[in-house]
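Counting starts at 1 for both ligands and their atoms, following the listed order. Position 1 is the first residue of the sequence, and the numbers go up from there.
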Amino acid sequence: MTAIADQANSTAPRGDEPEFEKLAKRVDEAMRALAGLDPMSRAIAEEVKASVEAVHRAGLVSIVRRLKADDATREALFELVDDPVVHLLLSLHEIVRPDPMTLANRVLTEVRPQLQSHGGDVALVRIEDGTAFVRLEGACNGCSMSSVTLRNLVEGALTEGVPGVTAVEVLPNEPSPTLIPLEALRIGRDPAQEGWVKLGPTTGVPVGEITSAGLTAGTGEFVEVIVVNVEQRLTAYRNECAHEALPLDNAMLDVSNGTLTCPWHGFCYDATSGECLTAPGAQLEQLPLRVDGGDVWVRVVS
Ligand code: FES
């Protein structure tokens, strides 16, 4: 079930109806506790919940019908439906249809646990002319079979669960570094002394390619690096395979399944994390990377 508190946050203006948000959180907490009950207790609790909801729904349907039937009260009904909290309540009881964005986010909330259990995620950007535009993250962009399955899951959920949505378009992600400790990503007043070296403009690290460079830090240390661009996600590594430290600049990058294969003995890596898929536990040495003012910076000395 969609978290009611999330919907309350997204529909009620901030600062408005704080009590409602508290109540919604209380419902969500109770729902989470419900999930931890033994099957029989859960079945009883769910029956109580369903019957109370049915009573509320019947009462709300009566109210809406009576207000709608009379010219004098219809306008008040329409004003009430415009109230975000009332709209949420009526849409939760399926008395009014939620707007497509709310409905699409609700549908995605249903599939998100499945995506996250495979290391992926999805963000809805907008809905326009029957097309839902989304950004996919993590494993949704990764290994071929699972990424296709996850994309199909998102597409199926949106086209089947949101009336009027007939297509899903995946937007490219902005160029961004992969996850690395925040502290390591700060550029101070003297980037060179901190080991940061400017690699060059982002246009120099094209999508689907491995860019290699020899970088000399302000401290004098020289490091050979590669930068991998998988669907605009940039990751920098020391140019050494985890097997025998041979260079990876002629490695094979397969964007369709997000893998990087060493040309020497075929060790295969997850291109955005450096995790070795051939020898679990082996790992490429990832270097902090920032995109700043259109330039790619790599920290070669920590
Ligand atoms: S050096 Fe890369 S697989 Fe051997």
**Report entry** Residue and atom, protein N/O/S, under 2.8 Å of atom 4 (Fe) of ligand 1
**Finding:**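 Metal shell, protein only: H243 ND1, H265 ND1.
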
Report task. Would you indicate whether E46, at its atom CD, is surrounded by more than 12 heavy atoms from other residues, nucleotides or ligands within a distance under 6.0 Å? Result ->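 Correct, the count exceeds 12.
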
Query raised in the report: Does any non-hydrogen side-chain atom of V122 lie less than 4.5 Å from one of V134?
Result: yes

Query raised in the report: Sub-3.5 Å donor-acceptor pair from the side chain of Y237 to the main-chain atoms of V228, do we have one?
Result: no

Query raised in the report: Which of parallel (below 30°), tilted (30 to 60°) and perpendicular (above 60°) describes H93 and H56?
Result: perpendicular

Query raised in the report: Can you name the residues that form a salt bridge (charged side-chain N to carboxylate O under 4.0 Å, His left out) with D71, not counting sequence neighbours?
Result: R74

Query - Joint hydrophobic cluster, V255 plus L248, side-chain heavy atoms closer than 4.5 Å - result: yes

